[in-house]
Protein chains: 2
Amino acid sequence: MFTVTAKLPGENNRDYSYRVIKEAIMALELKPGQTISEIELAEALQLSRTPIREVLAKLREEHLVEVIPQVGTYVSKIKPKLIEEATFVRITLEKEILKLSCESFPKEKLLQLKGNVAQQELLIGQQGMERKFHQLDKDFHYIIFSGNNKENAWDAINRLSTHYNRMRLLSEMEHSFNEAINQHKMFIEIIENHQAEKVEGIIRQHIIEPIKLWEDLYKENSPYKDFFDHTYKMPVF
Amino acid sequence: MFTVTAKLPGENNRDYSYRVIKEAIMALELKPGQTISEIELAEALQLSRTPIREVLAKLREEHLVEVIPQVGTYVSKIKPKLIEEATFVRITLEKEILKLSCESFPKEKLLQLKGNVAQQELLIGQQGMERKFHQLDKDFHYIIFSGNNKENAWDAINRLSTHYNRMRLLSEMEHSFNEAINQHKMFIEIIENHQAEKVEGIIRQHIIEPIKLWEDLYKENSPYKDFFDHTYKMPVF
DNA sequence: GTTAGTATACTAGTATACAAATAGGAGCGG
DNA sequence: CCGCTCCTATTTGTATACTAGTATACTAAC
């Protein structure tokens, strides 16, 4: 049904199944709109329904599944409205965080940023490294927030970005991530040289770029058409 | 143990217990640091542990309870770091939303805002109306976000504001909310007259004002001292 | 008196049995 | 052939029994 990785040490069954199921949804292995029953999941993970139910409750909070009582559970289709709101929140908060970083930023975190980008560059030209790159990308932005002591703010963004990130995966499967890496380098430059005036432009670009072509994925003749919830109007960027 | 209100129609046991337990925590009826066992809660609500467990998992996500396996469940103490992050996120996002509102805002929502403020004014001078006022206050800000189609952004703020809001309740139990009502009126004025340049000041004031005196609550000789988690450093405003 | 070991009671984690509600199809009457 | 009714299979919702880890109070040895 989906990739079941090994249970990590110190992980209880709930945390374990949360990790595995969420990864499957975010990697589009469990497809938007697909039916998933509690029993199916429990059997796939060799567990009882109890921990699975608690995981589904959590995923429902993140808009990743929808539960209809006595009927079934579905993977949420990608909703344009949630993409738009995530975009708004990310741009607004990340702009402010980057400006703060221009005033002061811990040296140690700056080193972490550089190390992270170095790892990103190692992936250039390789195939099938999308998931690895996405993890590094998320780490990169988390480091910036953490350098400003705003870890929970990043968590809030992350929870709201589930639909944005799934769409981004679709749109990047056919594109390279060179551009994103260059932008990350510019982030570091801006922080190091205190160029707060450059923040506005680069942030907007960095966040909107990956989803600019999303109309192609959304429209009638796209193979991914059914992944989207068409009951919501498509916002314009 | 705590106030158990009646079950609303169409509410399943999980939604019901979530509402009741969260209200009790947010109203400080269940005190920060207090132990609450699943069995206790189940008995108080006349339910089994299953729905209670799912509620506790949800509340843990919102940083409202902490679960230590095989030991117990506690109401989270108020953490300065979470207050600071909530303040940052609220100021940043709400500033941007109010600026957007200056460009355009639905007439119908503007009427809702005015109706809401009218209700707030009816509470002036009355005692014990803190909870009612807080509900109206939350509604007021929600209406603004909803007028910009950013309902989920508000939800994200709200989830992050659980510690901010509990502290605010403490600090307002001895103060009036006249000032807040006046600020709400100014919000409406700003939107109606497109005075984007006034946004910055009023937002900062509105969000920081209620927690300015919080050092009094936090320090050694305060009766509420134990409500706070002193392992975190206190940020400065 | 102090300390190490042990029994016990309490906790959350998990599995399972049962209830309630819905959807879909078989069967029947028109 | 169409439409209605009822039954059944399947789903999530709930309750309960069991497992395993933890803290604590008690006991016995030093």
Side-chain angles (χ1 to χ4, degrees), chain A residues 1-2 4 6-22 24-25 30-77, chain B residues 1-2 4 6-22 24-25 30-77:
Chain A
M1 186 183 181
F2 56 91
V4 177
K7 191 164 154 181
L8 300 174
E11 206 175 33
N12 64 17
N13 288 339
R14 185 176 47 193
D15 296 341
Y16 167 56
S17 28
Y18 174 75
R19 183 172 56 76
V20 170
I21 296 172
K22 178 159 181 182
I25 295 178
L30 290 173
K31 303 207 185 325
Q34 179 176 350
T35 299
I36 47 173
S37 85
E38 295 178 356
I39 295 176
E40 255 181 343
L41 293 172
E43 282 171 357
L45 289 164
Q46 301 272 52
L47 295 171
S48 77
R49 279 177 55 212
T50 308
I52 301 293
R53 277 185 62 75
E54 291 171 2
V55 165
L56 289 179
K58 195 169 166 180
L59 291 173
R60 201 177 53 161
E61 287 303 298
E62 301 180 44
H63 305 103
L64 278 177
V65 304
E66 275 155 41
V67 179
I68 302 177
Q70 276 73 41
V71 175
T73 304
Y74 309 89
V75 178
S76 294
K77 290 199 177 188
Chain B
M1 186 182 184
F2 56 90
V4 177
K7 192 164 154 182
L8 299 174
E11 208 174 30
N12 65 16
N13 288 339
R14 184 176 49 193
D15 295 342
Y16 168 57
S17 30
Y18 174 74
R19 183 172 56 77
V20 170
I21 296 172
K22 177 158 181 183
I25 296 178
L30 290 172
K31 302 204 184 329
Q34 178 175 350
T35 299
I36 48 173
S37 84
E38 295 178 355
I39 295 175
E40 257 181 343
L41 292 172
E43 282 171 356
L45 289 165
Q46 302 271 52
L47 294 172
S48 78
R49 278 175 58 213
T50 308
I52 301 293
R53 277 185 62 75
E54 291 171 0
V55 165
L56 288 179
K58 194 169 169 181
L59 291 173
R60 200 176 55 160
E61 287 302 299
E62 300 179 45
H63 307 102
L64 278 178
V65 304
E66 275 156 42
V67 179
I68 303 177
Q70 275 71 43
V71 175
T73 305
Y74 309 88
V75 178
S76 294
K77 290 198 177 188

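Just the heavy atoms: all of them, side chains too, but no hydrogens, waters or symmetry mates, feed the values below. By convention in this document, chain letters (A, B, ...) are assigned in the order of the sequence lines, proteins followed by strands, and residues within each chain are numbered from 1.
- When heavy atoms are screened at a 4.0 angstrom cut-off, A:Ile36 is found touching the sugar-phosphate backbone but no base atom.
- For the pairing with B:Glu54, the salt bridge (Lys or Arg N to Asp or Glu O under 4.0 Å) check across A:Arg14, A:Arg49, A:Arg53 returns one residue only, A:Arg53.
- Remark: P of D:dT12 and CD of B:Glu54 are 12 Å apart, rounded to the nearest angstrom.
- Distance A:Ile52 CD1 to D:dG13 P: 14 Å, rounded to the nearest Å.
- Regarding B:Arg14, its CZ atom lies at a distance of 7 Å from the P atom of D:dT14, rounded to whole Å.
- With B:Tyr74 as the partner, the side-chain contact (heavy atoms from CB on, under 4.5 Å) test is satisfied by one option alone out of B:Leu30, B:Ile68, B:Val65: B:Ile68.
- An OP1 or OP2 oxygen of D:dG13 is reached within less than 4.0 angstrom by no side-chain nitrogen or oxygen of B:Thr50.
- Rounded to whole Å, atom P of D:dT12 lies 4 Å from atom CD of A:Glu38.
- Distance A:Arg49 CZ to D:dG13 P: 8 Å, rounded to the nearest Å.
- Positionally, the nearest nucleotide of DNA chain C for B:Arg53 lies more toward the 5' end than for the other of B:Arg53 and A:Val71.
- The two residues B:Val75 and B:Lys31 have their closest heavy-atom pair at CB-O, 3.4 Å.
- Note that the first and last nucleotides of DNA chain C, 5' to 3', having any atom under 4.0 angstrom from a heavy atom of chain B are C:dT11 to C:dT14.
- In this entry the distance linking CG of B:Asn13 with P of D:dT12 reads 18 Å, nearest Å.
- Shown here are the side chain to side chain donor-acceptor pair (under 3.5 Å) partners of A:Lys58, two or more places apart in sequence or in another chain: B:Glu61.
- Between A:Ile39 atom CD1 and D:dA9 atom P there is a gap of 14 Å when expressed in whole angstrom units.
- Side chain of B:Ser76 to backbone of B:His63: a donor-acceptor contact under 3.5 angstrom is found.
- One finds no salt bridge joining B:Glu66 and B:Lys77 here, because no Lys/Arg side-chain nitrogen approaches an Asp/Glu carboxylate oxygen to under 4.0 Å.
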